[in-house]
Amino acid sequence: MPEPILQLLLIPLVKIVVLLVVVLLIVAYLTYAERKILGYMQVRLGPNRVGPKGWLQPVADGLKLLVKEDLVPGGAEKLVFIIAPAIVMVPALVMFAVIPFGEPFEVAGMTITPYLADINIALLFILGVSSVGVFGIMLGGWSSNNKFSLMGGLRSAAQMVSYEIPMGFAIISAVLMAGTLSMVGIVEAQRTAGWWFVFPGILGFGIYWICGIAETNRNPFDLPEAEAELVAGFHTEYSGMKFALFYLAEYANMMIVSAMAVVMFLGGWLPPFPNLLAGLWASPALAWIPGVIWFLAKMSFFLFCYIWFRGTFPRYRFDQLMAVGWKWLLPLSLANVMLVGLGVLLLKG
Amino acid sequence: MTMKGPERPLFDVEEMEVSFGPQHPATHGVLRVQMKLDGERIVEAKPIIGYLHRGTEKLFETMTFPACIPHTDRLDYVNAAHNNQGFCVTMEKLLGISIPPRAAYLRMILAELQRLASHLVWFATHAVDIGAITPFFYTFRERDDILDLFEEYCGARLTLNCMKIGGLPFELPEGWLDRCAEFVDAFPSHIDEYETLLTTNRIWKKRTIGVGVISPEDAIDMGLTGPPLRGSGIEWDIRKVFPYDRYDEVEFDVPTGTNCDTYDRYLVRVEEMRQSTRILRQCLEKLPEGPIMAKAPKVLRSPEGMVYGSVESPKGELGYFIVATENGTEPYRCRVRPPSFVNLQSLPKMVEGSLVADLMAVIGTLDIVLGEIDR
């Protein structure tokens, strides 16, 4: 087989398939984990009927949604109504292309990279693509011909636009420290720096994480789908697989936000505590743990936090949400950029 | 030359009309609120009721006095004991029966347990309305314990039918008092548990402080009773001002708020739960021996007259107004004064001018039950 075909076509194709399958599997079992963890937090058991300990619950849910009647409400903008879930789902999956899950490794004399693409503007790419997803939510809310959906769509548009700005500034602080926009480059920068960026950039990390929760419409910022007020927000009228796409996209976005937090602030696939406890963790006994495991473990921590918050917090009101975004996070993130910039200037000259 | 502004705004501005309910996850039954919205702001809110009307008051006119009691269960369906108690107290007033002390104390025990159960439902739904889903499961755990006690006593968990005109239908089962005491002793620590999730939570405070404010004057003018009135700082509790059964023999405080807002009403209700356990403890201690039924004829025949009697239900003043004919066996007319119905009329005043999300907080804080509003 000619080398270029193998390198440019076959390997990427296999990687795409593996990535999609793994991501969708994690998403499916994330819903299971959420129900189980929430269950234990709320003195109940969670799903435990389908399969041993409810392990097959996501499969059953998927099957149910697949065979459900595909309903388009009368008076809805049919075309937009059908396209909207796809507009939400596709960007959520595309973003995984640039997430570096681990170090390159050798298989049969070839170097395989556990990421699809290492592009030099990966962070910009993610920010740009993630903004497209907002359109899906807005269009879905608007085309449903339902007042609650419309309000949900409007809320999410306002929310995502407001929180994208402080989030961007928080990301800039990490970029300043790394000196590159490439995801792989950021992780490598943390390896050479000898510390994770969460230590010098704790403020930026906090802002990023709060904005990340808001961007994914999760508690305590889950206003677009606030059940008590808007029934189910923008997806009130959606059923069957279209609803499932919104649902999956939400969880995929949670994974993206968590993965980005890991890459930018927690050293990606690097083993933990580079300088503090380096002696303990770099011991040969632990050296065999591959980077992918570290990456997934760190990501799971953030995903757990998502679920934990959902079990703990009440919901913000719309004006309070805006106040937090514009009056607190924006100035704070700006100040943080200046602080980090100054620090980088002084240290690196 | 003068510049001219546009004659009308660039875009058409119109108020959105939203019919909120009766099928909506957060209206506590079948309440419908007809709203006019300007963006997220409520311009006008009009509660529309009647979706659960069953003609209970008319039904009362067709059945004998004792037969009315099961129907009172269905008024405020999370709070059956007080409905029974209110009817019995009123009838005893009409017939001039005084009930034996043991019956009175047992009634108070049942009523205060029911108050706890009702407040737990309020706590759960109020929290869920504001987005905190976890308290629901914790409060329902303890509510189930209470319902178990009820089930053991009278066989029912929700529609209790646990009181009779002149006393009580059943003597306590064996060991019931111990189990009740066990629950009462453990309950204050559970209240602390619920409070850790909300009372000092910044988001919870932001969502409730300054929301749904109603001044003491307005509260009185609108006839509010119960926690909505006490939250506005007015110390008014039927158990204190017109004691029935033996409430004059137990000690308890009437908590009041100062800021007249949702958060104060929340604190008032939480404190009421603590006071209820205090009453329960005293009742269990003082519970006398003796009969549980007053001497009353088998067939109750009323003197001619009109009577109004009321009890302090968890929602407010629950009153019965009964018109009886000479030698009658059934009420000529029975009007129920449901606290939720009267409290609901303050809803427009509380929410107009605030945001949609506040409507949820206010519906939660009013603690309405549609069964008793529509009757």
Side-chain angles (χ1 to χ4, degrees), chain A residues 34-35 37-46 141-142 145-159 210 213-214 217-233 236 307-324 327-328, chain B residues 15-21 23-28 33 35-37 39-42 124-142 144 190 193 196-199 201-211 266 354-364:
Chain A
E34 167 157 40
R35 293 166 70 176
I37 293 170
L38 271 184
Y40 285 123
M41 284 179 178
Q42 298 171 342
V43 289
R44 58 197 175 86
L45 291 173
W142 169 76
N145 190 29
N146 176 322
K147 286 165 182 166
F148 293 120
S149 302
L150 179 67
M151 284 174 67
L154 286 176
R155 276 183 178 189
S156 77
Q159 177 176 333
I210 293 172
I213 298 170
N217 299 333
R218 296 283 300 188
N219 252 26
F221 306 106
D222 60 340
L223 287 101
E225 43 197 289
E227 175 179 298
E229 298 142 38
L230 302 180
V231 191
T236 303
I307 298 164
W308 187 15
F309 293 161
R310 182 166 172 215
T312 310
F313 290 129
R315 182 183 301 120
Y316 268 113
R317 204 172 61 193
F318 190 64
D319 58 329
Q320 293 163 350
L321 174 98
M322 287 293 153
V324 170
K327 289 186 191 160
W328 285 100
Chain B
E15 286 163 1
M16 184 159 76
E17 271 199 38
V18 178
S19 182
F20 185 89
Q23 302 109 323
H24 189 282
T27 55
H28 295 215
V33 184
M35 285 195 295
K36 282 204 181 112
L37 298 181
E40 288 264 340
R41 205 159 282 282
I42 301 170
T125 50
H126 191 30
V128 167
D129 283 351
I130 298 187
I133 47 175
T134 303
F136 189 99
F137 298 94
Y138 286 84
T139 56
F140 266 58
R141 181 184 58 186
E142 270 71 62
D144 256 19
H190 290 306
E193 198 179 6
T196 49
L197 276 168
L198 297 182
T199 303
N201 185 313
R202 280 174 59 89
I203 304 177
W204 179 260
K205 280 182 158 175
K206 273 196 157 181
R207 284 299 304 275
T208 52
I209 290 178
V211 169
Y266 161 82
S354 50
L355 299 167
V356 184
D358 292 337
L359 176 70
M360 276 33 267
V362 168
I363 290 180

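Just so it is clear: chains get the letters A, B, ... in the order the sequence lines come, proteins before strands, and each one is counted from 1. Keep in mind that the numbers below use all heavy atoms, side chains included, and drop hydrogens, waters and symmetry copies.
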List for me each residue that meets salt bridge (charged side-chain N to carboxylate O under 4.0 Å, His left out) alongside Glu17(B), sequence neighbours excluded, and say none if there are none. none

Under 4.5 Å from any heavy atom of chain A, what part of Leu359(B) do you find: side chain, backbone, both or neither? neither

Could you check whether any side-chain N or O of Ser156(A) sits under 3.5 Å from a backbone N or O of Gly153(A), counting only pairs where one atom can act as donor and the other as acceptor? yes

Using a cut-off of under 4.5 Å for heavy-atom pairs, which of Met41(A), Gln320(A), Arg310(A) has the most such pairs with chain B? Gln320(A)

Side chain, backbone, both or neither: which part of Arg317(A) has a heavy atom under 4.5 Å from chain B? both

Looking at residues at least two apart in the chain, or sitting in another chain, which of them share a salt bridge (charged side-chain N to carboxylate O under 4.0 Å, His left out) with Glu142(B)? none

Cut-off 4.5 Å, heavy atoms of chain A, and the answer for Ile133(B) is both

Highest number of heavy-atom pairs under 4.5 Å with chain A among Leu37(B), Leu197(B), Asp358(B) belongs to Asp358(B)

Would you call the rings of His126(B) and Trp204(B) parallel, tilted or perpendicular, where under 30° means parallel and over 60° means perpendicular? perpendicular

Return the orientation label for the Phe136(B) and Phe140(B) ring planes: parallel under 30°, perpendicular over 60°, tilted otherwise. parallel

